[in-house]
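See structure below.
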2 protein chains.
Amino acid sequence: MAAPSIRARVRAEMIDEIKAVARRHLASDGANLSLRAVARDMGMVSSAIYRYFPSRDDLLTALIIEAYDALGEAVEAADAGCDRLDLRGRWHAVCRAARDWALARPAEYALLYGSPVPGYAAPDDTIGPAQRPPLALIGILRDGFGDDRLDPPPAAEVTEPLRADLADLAGMLGGELPEALLARGMAGWTQLFGLISFELFGRINRILPHRDAYFDHQTALMADLIGLPRAD
Amino acid sequence: MAAPSIRARVRAEMIDEIKAVARRHLASDGANLSLRAVARDMGMVSSAIYRYFPSRDDLLTALIIEAYDALGEAVEAADAGCDRLDLRGRWHAVCRAARDWALARPAEYALLYGSPVPGYAAPDDTIGPAQRPPLALIGILRDGFGDDRLDPPPAAEVTEPLRADLADLAGMLGGELPEALLARGMAGWTQLFGLISFELFGRINRILPHRDAYFDHQTALMADLIGLPRAD
DNA sequence: TTTCATTCGAGAGCAGTGCTCTCGCTCGGT
DNA sequence: ACCGAGCGAGAGCACTGCTCTCGAATGAAA
C-alpha cells in the first residue's frame, strides 16, 4: 500500500474523473453511454479513454459496481439509523431508502435492475456488491426470527424441491432461517424492486398520483406477509 | 374495408415480413435491433425499410404492441381454459402463462418490462395492449369479490391520499372493487412481474435451481395475500 | 543531472449504425 | 396504353466502438 507512485495516483484520479463524467452522461442521456462523448467532455480524444478502460463494457461494469455499492450503502445506512428492535421501522426505512436512491438516479437504477444490456454479461466482481441490498432485508428477518418476534399469517408449507433449495440458501446466509420465512423475505425483496421498477418505468404514474402513499402501503403489505410486528 | 387494393396488400405483407425478421433478430441479438441488419436479411438496402417504418423507433413500437397483444392473449387464453369458479387455479394459470411467455421470448419481454430505451417514449397506441395482462388478474379479483369468496388476511386500512386514488382506479375499472383489495391485486401484479424479471435477468439462477417450484410457491403466497380460496 | 523507458494523448482509419436525399424503374389503377 | 404513385438502390452525413501508430512528455533510475 505504501508509496503510491505519482503516476499511479494521477492515473487513479483520471479513472475517477472518467467515471464521474460517464455517470453524468448516464443521468442526462440515458443508458446508451457514448465513450466518445465522455472523451469529448474531458477534452480528450476517444482513443485516450482506452488507456484507462479496455472497453465500453468495462467502464459500464465499473459504474455498475459503484452503483451497487452506493445503493447498498444507502440501504444499510437507513437500516442502521433505526432502533434495532423496531423491525417494521427498519423494513420501511430500507424500502424507502432503496426507492429514494432509485428515484434520484433512475439511469443508474436501470443499469442495475433493468433489462440486461445485450452482449453484456455481468462479471463476478458485481455479485458481491449486488447482494448488499437483499442482505439488508434478510438481516431484518434474521433479527426478528432470532428474537421470536415474527408472526406471519398462515400459508401452505414449502414442499420438497424448493425446500432443499431454500435450505441451501439459508445455509449460505449463515443458517437458522426457516425455509418458509426465507421465501417470504425474497417475496418482499421481489416486491420492493417490482414496485420501484414499475414506478420508474412509468407503469403507474397516470393511475396513482400519490406514489409515496402507494409505495408505503404496498411495502406494509409485504411486512404483514413476513410477519413483522405492528406498532411497538 | 372493401377492396384492399393490391398495392395495399403487398405493402401489408411487406410490413409483416419486416416485423417477423425484426422479431427474429431481437430474439438472437438481444435488444439492440439493427435496421440495416434486418434489411440485409431481407435482401434489401437499409433505406428501403424507411418506406414502411418512418424510423427504428416506430418499428420497435410495432413490435412492442404485437408483443403486448401476444402476452395478453396467452394470459387470457390461460384464464379462459380454467373453471370460472376455481379462482386459485385461474390465478396460477395466468401467472404461469405470463412466465412461460416471457421465458420463451426473453428479448420481447425485456422490450416490454425492462428498462425503457433512452430516447424512446411509449406512444399511446401501446397503453391499451399493455393493460391486458393486469386486467386478466383484476378479472379474477372481481369474480371472487362478486361471489363473496375472497378471504384476505387482515392488514392495515388504506388511508386517505391513497384511498381516493384507488377509488378512482376502481371506478375506471368498472367500479365495485374495494380499495384494499385492489391494492392487493396490484401487489400480486407487481410480484408477478418482479418474479419474472428477476428470473429472466439472472438474479436467482445460481441460488435456486428449481425455478418452477419457486415461482409457484411465490405466486401462491400472493394468492394467499389476496385471499383466493384454497383447494376447492 | 542526464538518460531511458514507460506511459500517455492525438490522429487516422475500419466497420458498423440511423437516417436523408435523389434517381431511376416497375407496375397497378385508370 | 399510358402515366404517375410507390418502390428499391445508392451515395452520403454524422455518429458509434475500437485498433494501431507515432511523437511527446515525464517519472524513475544511474
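Proteins get letters first, then strands, A, B, ... in listed order; numbering begins at 1 in each.
If you check C:dA10, D:dC18, C:dC19 against the side chain of A:A48, the one that comes closest is C:dA10.
Between A:Y50 and B:V45, it is B:V45 whose nearest contact on DNA chain D lies nearer the 5' terminus.
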Look for any protein N or O under 3.5 Å of an N or O in nucleotides 11-15 of chain D and output each such pair with its distance, or none.
unit_1 : atom_1 : unit_2 : atom_2 : d
D:dG12 : O6     : B:R36  : NH2    : 3.4

For nucleotides 23-30 of chain C, print each protein N/O atom paired with a nucleotide N/O atom at under 3.5 Å, atom names and distance only.
unit_1 : atom_1 : unit_2 : atom_2 : d
C:dG29 : OP1    : B:I6   : N      : 3.2

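The aromatic rings of B:F193 and B:Y113 lie parallel to each other, with less than 30° between the two planes, well short of the 60° mark.
Each end of the helix from C:dT1-D:dA30 to C:dT30-D:dA1 gets its own axis from five base pairs, and the two axes differ in direction by 10°, given to 10 degrees.
Partner of B:D212 under the side chain to side chain donor-acceptor pair (under 3.5 Å) criterion, out of B:R99, B:H217, B:R96: B:R99 alone.
Nucleic acid contact for A:M42: none, since no nucleic acid atom lies under 4.0 Å from a heavy atom of the residue. At the heavy-atom level, B:I49 lies nowhere under 4.0 Å from the strands shown.
Between the C1' atom of D:dG6 and the CE atom of B:M14 lies a distance of 13 Å, rounded to the nearest Å.
Here A:Y52 does not reach the OP1 or OP2 of C:dT7: none of its side-chain N or O atoms lies under 4.0 Å away.
Between the B:T190 side chain and the A:L195 main chain, no donor and acceptor come within less than 3.5 Å of each other.
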